[in-house]
Peer 1: 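Starting off with a structure, shown below.
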There are 2 protein chains.
Amino acid sequence: MTTDDPNNDRTPTLADVARLAKVSTATVSRCLNSPDRVIEKTRTKVLAAVRDLGYAPNFNARALAAKHTNTIGAIIPTMENAIFARALQAFQEELGGSGVTLLVASSSYRADLEEEQIRTLVSRGADGILLIGYHRDPKIYEFLQRQGVPIVVAWVFDPQADVLTVGFDNFTAMKALADKVISMGHRRIATITANPEYNDRASERLRGIRAAMSEAGISATDLSIVESAYGIDEGGKALEQILAQPVRPSVVMCGNDVLAVGAIARAKELGLRVPEDISVTGFDDIEIAKISSPPLTTVHVPHRRMGKEAARMLINLVNATKDQKNTLIETSLKIRSSLSKR
Amino acid sequence: MTTDDPNNDRTPTLADVARLAKVSTATVSRCLNSPDRVIEKTRTKVLAAVRDLGYAPNFNARALAAKHTNTIGAIIPTMENAIFARALQAFQEELGGSGVTLLVASSSYRADLEEEQIRTLVSRGADGILLIGYHRDPKIYEFLQRQGVPIVVAWVFDPQADVLTVGFDNFTAMKALADKVISMGHRRIATITANPEYNDRASERLRGIRAAMSEAGISATDLSIVESAYGIDEGGKALEQILAQPVRPSVVMCGNDVLAVGAIARAKELGLRVPEDISVTGFDDIEIAKISSPPLTTVHVPHRRMGKEAARMLINLVNATKDQKNTLIETSLKIRSSLSKR
DNA sequence: TTGTAGGCGTTATCAC
DNA sequence: GTGATAACGCCTACAA
């Protein structure tokens, strides 16, 4: 065998294909990327060589030369939650339909990890990035802008923001639920929320509850707040904290459905009846809300629609097809039996 | 400005850093990759330049030159299921601890998509890949081997397989549960399962039920099988199919917990009491199993441990640290009140 | 310890 | 329609 015999065991390259098909590497490249720019006969010849060699293009080399990757990244707080998973699935489906592949990372709700992952995604050449929630170090937005990587922020709707958002108004949505709760006679309210300091969805929802109470003339001191990580067990523990307080609330408004079903389960374990002894509400309307017993009163969020819309916006943004605008996703109240009159 | 003025708006490169720090690109590269191979003084100088420019290495260029990416890929059937999410989270945590980043893709339980994603991961230069389940076209294994990309297969334990596996024995685990079910007096059994043809976990579990029945001298005709996609609603629909059959079974053994809670919810909606009128079992022991009402009898699978172990094996495999061997993850029965004596 | 220079596999700009 | 050939940004012998 001569030195430049292509038939050794390293993975085949464009050059190998070109040699076998007796054309130039440029032609092979064209066959793969814009087949119509090459004559039928040579195309079949090249494609045959591709198949014979089991050639697969080297993505990194391609990205390096082409300066785009047909890849969009997404950073979600966690995969261990149907909420994000559902939206992400729709996001991916929509992307796939346009031939772009998705790169996912999860930040575990940690700002430092998220920042790291943003840099990773950028250095990997993501053509665009999906982020959850608006609140983060301004430097990150500057960085992204400098790098020329377009982003879309989901889960919030904010026409004021200087980035594109797709989502709903967390304040209004939770306020609507709180209005309903109050209209049913509840005065002493407890809430289980994520740390609102670094989570704008959580802080807006909390603000919604406060606004509703204030409007109804209920003292802010009648709201007791427990912060908790998201999780079923965590919801249960938070409920225990609430019950340990001197005055028992008549309703517990939870930051999401996962916390809520955890709270319900624990309440029942402790011998309380839901909703007779204590009402519970959630947020998101994921599948467990329906099968919970009692079924959960919650705010319905069309996650799949949001994911799909985010993908559409991002694709258009990357292609600079046209000016995109913020898009509002409508939410609605889902009243089920975990909430009853006081 | 001269033509080679670095101070324009394209993103900075190694060369820019080198110029600013007045060293060669090789030195900059070394500073970043093996800092100890360069003297303190020049290192600080270089690092300062890196910061000033906001330089971030181009991942694709690095991968192209270095021929490895410090990246491991994982393809899971779906993200919309806590089962995989939980294992994947642990997988990622373990990888992160070793400085390797994770690339995730989800195949939607479709063999064709999975194959495509495997090729994508390979062409992106993944140093190793995690796959779920052993059953797939042998050509894929050949391809992976030719490309020199090591893999680990999770969710199954099979010492016979010619690839590394980490998981449990689906047959034995489900048989143990079926043994228990039968010991409680059940004779007419129904099962809701994923299509066993392309899902070796499902087919092994089904085989486990059959073996237990056979050992107990129960006719195979006393098993009624309903195939279903995984999902809460799907579980409910499958239960309806079961109830529509002439003879009602006394127990429904589900392929996973998600199907099981869906079946329970639907049964209750239809006025049946669980377990008095019909018992239900699951598989996996995810969080909803505990909060289901009644709580779900199921097979406990330590998903996080499995994910962590998979990461460890893959890292060692990539580094060729030492010979890896198949590792067995122990499962256990979780008996809760959704199963009662016949 | 540091610098020089060739190469990694593609794409894209030119000619022809 | 096709073929040379120069980038793309980084790593890594090899030399100094």
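Owing to the predicted nature of the structure, the values given are computational and were not obtained by experimental measurement. Note on naming: letters A, B, ... go to the chains in the order of the sequence lines (proteins, then strands), and numbering restarts at 1 for each one.
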Peer 1: If you compare every side-chain N and O of A/Thr42 against the phosphate oxygens of D/dG1 (OP1, OP2), does one of them come in below 4.0 Å?
Peer 2: no
Peer 1: Begin with the C-alpha distance, continue with both residues' side-chain angles, and end with the deciding distance and a verdict on side chain to side chain donor-acceptor pair (under 3.5 Å) for B/Thr27 and B/Ser24.
Peer 2: CA-CA 5 Å; B/Thr27 301; B/Ser24 73; 3.3 Å; yes
Peer 1: Rounded to the nearest 0.5 Å, how far apart are CG of A/Leu32 and CZ of A/Arg62?
Peer 2: 6.5 Å
Peer 1: Take atom NZ of A/Lys22 and atom P of D/dT2, then tell me their distance rounded to the nearest Å.
Peer 2: 16 Å
Peer 1: Quick test of your reading of the model: are B/Glu114 and B/Arg136 salt-bridged, counting only N-O distances below 4.0 Å?
Peer 2: yes
Peer 1: Any ion pair linking A/Arg304 and A/Glu93 (charged N to carboxylate O, less than 4.0 Å)?
Peer 2: yes
Peer 1: Just checking, is any N or O donor in the side chain of A/Gln92 or B/Ser106 under 3.5 Å from an acceptor N or O on the other one?
Peer 2: yes
Peer 1: Return a single string for nucleotides 5-16 of chain D, one symbol per nucleotide in 5' to 3' order, where B is base contact, S is sugar-phosphate-only contact and - is none, cutoff 4.0 angstrom on heavy atoms.
Peer 2: ---BBBSB----
